Amino acid sequence: MFHFTYYTPTKVVFGKGAEGQTGALVKEQGCKKVLIHYGGGSVIRSGLLDRIKASLDQAGVAYTALGGVVPNPRLSLVYQGIELAEKEGVDFILAVGGGSVIDSSKAIAYGLTNKGDVWDFYDHTRQASACLPVGVVLTISAAGSEMSNSSVITKDEGGVKRGYNNDLCRPKFAVMDPELTITLPPYQTASGCTDIMMHTMERYFCPEGSMELTDSIAEGLLRTVMKNAKILHADPGNYDARAEIMWAGSLSHNGLTGTGRGDWATHGLEHEMGGMFDVTHGAGLAAVWGSWARYVYQNCLNRFVRFAVNVMGVENAGTPEETALRGIEAVEDFYRSIDMPTCFSELGISPTQEQMETMADMCIVAGGGQKGVAKVLHEADCLKIYQMANH
Ligand code: NZQ
Ligand code: ZN
C-alpha cells in the first residue's frame, strides 16, 4: 500500500430539497455576511437563487451576490469578487453552481485572506496561508470541487488555465440535491460523467503498488457511473440515476479512490486544451484519453489488463497487450455511446502543429518539468499524444 493522508472535512447534506437547509448550514458557520457566487444564469432560470436567498433570509443571514462565472472560470471575475467582498465585509463564500463557480469562489476566498496577487498560487510561485470558508450548493455532477482541495482558474490574457491544490479550500459543507441537475443540457451531463470517471481513472493507472480495497472501490464506482450515464442518456429525468452520479462525483475526487496515488497526465493535457480552445472540461478529457492510454499502456500493462477485465468486462482477449487495447477501445465505445468525443475533430477543434507544440510546452511547465506516473511524460511525449488525438 502507498502511504497517504486522507482528509475530507466537508459536511454533505444530500437529497431532494436539501437546498432548503442552506441558511441553517451557513448560520452554523457563525459568519456575518455571505457572498453568493453563481454562473451565467441557470440558477436564476430554475428559481434556485431565489430559494437560496429565502433560506438565508429565514436564517437571518445577510448576503450580497455576484454572478457571471463562465465555464473555465476567469481570473478577472475573481478579482472583481475579491473587491466586492472586501467592500461588503463578506466573511463566507457560498458557491451556487458547478465546478467553475466553486473554483472561482475558492479563488476569491484565497484572495480575501492572503496579501498580494491571488494568481501567484495558481502560478505556483507561493503558497496560501489561509482561505475564507466556502460552502457549496451543487447544480452539476462533474468536477468534484464540492469536496476537493483543488481550484482551477484561467488567466484571461493568454488563456493560461492552472490548478492550485491546498486543503485550506475544502468546502465546509456541500448541499447536494440530485433533482437540481435535471435541467442540465445532455452534453453537460455526459461531460460531467466523463470527468467523474477520469478522476478515478487518473488515480487507477499507476505503475506499482497493491491497493485491494481502493481498487475495488474504484472499479465499483466506474461501473456505476457508466451504467447510470447510459440511463441518463436515454432518460435525463431519472432521479435515481442522477443521485448515483452525484454521489460518485464527490467520492471520485475527495481522495477515496486514490489514497496516495495518481497520474493526472490526461488532466494536464486537457487543461491546456481548455485554456487555448475553451472546450468543456469533461469532453476535452474524453477526446484525449484514448491517445494517452495507447501511448502509455505498455508501461503499466498490468493495470490496463485489470481495468479491461474488471471495469470494461473484456473477456478472452488473448495476450495482455490485446486485452489492454480491448479495454481502451471499450472506453471509447462507451464515450461514443453517450455522445462524447474521442478525438479532436469530434471535440470541434483542429489545432495547428504550432498550437500543439505550445500546449505540450505549457503542460510540462505547469507539471514542473514532467507529467504523469503511469509513464513519465516530457514535452515530446505530450506533443505526440496531441498529434495522435488530432484527427
Ligand atoms: O453558468 P450557468 O448558467 O450556471 O451554466 C452552467 C455552465 O454553462 C451549466 N449548468 C450548471 N448547472 C446547471 C447548468 N445548466 C442547467 N442546469 C443546471 N443545474 O453547466 C455549464 C458547466 O458548468 P461548470 O461549472 O463549468 O461545470 P463543471 O462542474 O464541469 O466545472 C468545470 C470546471 O471545473 C474544473 C474544470 O477544469 C472546469 O474549469 N475542474 C475543477 C476541479 C476541482 N476544483 O477539483 C477538478 C476537475 O478536474 C476540473 O479540472
Ligand atoms: Zn476533471
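In this text the structure is predicted, and so the values were computed from the model without any measurement. Both ligands and their constituent atoms are indexed starting at 1 by order of listing.
Judged by distance alone, the side chain of S104 and the main-chain N or O of V101 form no donor-acceptor pair under 3.5 Å.
The single protein non-hydrogen atom nearest to atom 44 (N) of ligand 1 is D103 OD1, 2.7 Å, given as residue, atom name and distance. Protein heavy atom closest to atom 25 (O) of ligand 1, with residue, atom name and distance, is S100 N, 3.0 Å.
Linking ILVMFWY residues whenever their side-chain heavy atoms come closer than 4.5 Å, directly or via other members, places V331 and L285 in the same cluster.
In this view, K384 satisfies the salt bridge (Lys or Arg N to Asp or Glu O under 4.0 Å) rule with no residue, not counting sequence neighbours. For E329, the salt bridge (Lys or Arg N to Asp or Glu O under 4.0 Å) criterion is met by no residue, not counting sequence neighbours.
Contacts with ligand 1 closer than 4.0 Å are made by no heavy atom of E270, backbone or side chain. Residue-level proximity to ligand 1 for L180 is carried by the backbone, the only part with a heavy atom below 4.0 angstrom.
Here 4 is the count of protein N, O or S atoms positioned under 2.8 Å from the Zn ion (ligand 2), waters not counted.
Side-chain N/O atoms of Y386 and Q353 include no donor and acceptor closer than 3.5 Å.
Listed by first and then second residue, the side chain to side chain donor-acceptor pair (under 3.5 Å) pairs involving residues 128-145 are D103-S145, K106-S145, N114-S129 (not counting sequence neighbours).
Considering each of L48, L184, I140, the one bringing a non-hydrogen atom nearest atom 23 (O) of ligand 1 is I140. Among G39, G99, P73, S46, the residue whose heavy atom sits closest to atom 39 (O) of ligand 1 is P73. Closest to atom 22 (C) of ligand 1 by heavy atom, among Q188, H271, K161, is Q188. Considering each of S252, A143, S42, the one bringing a non-hydrogen atom nearest atom 5 (O) of ligand 1 is S42.
Within the structure, ligand 1 lacks G274 among the residues with a heavy atom less than 4.0 angstrom away.
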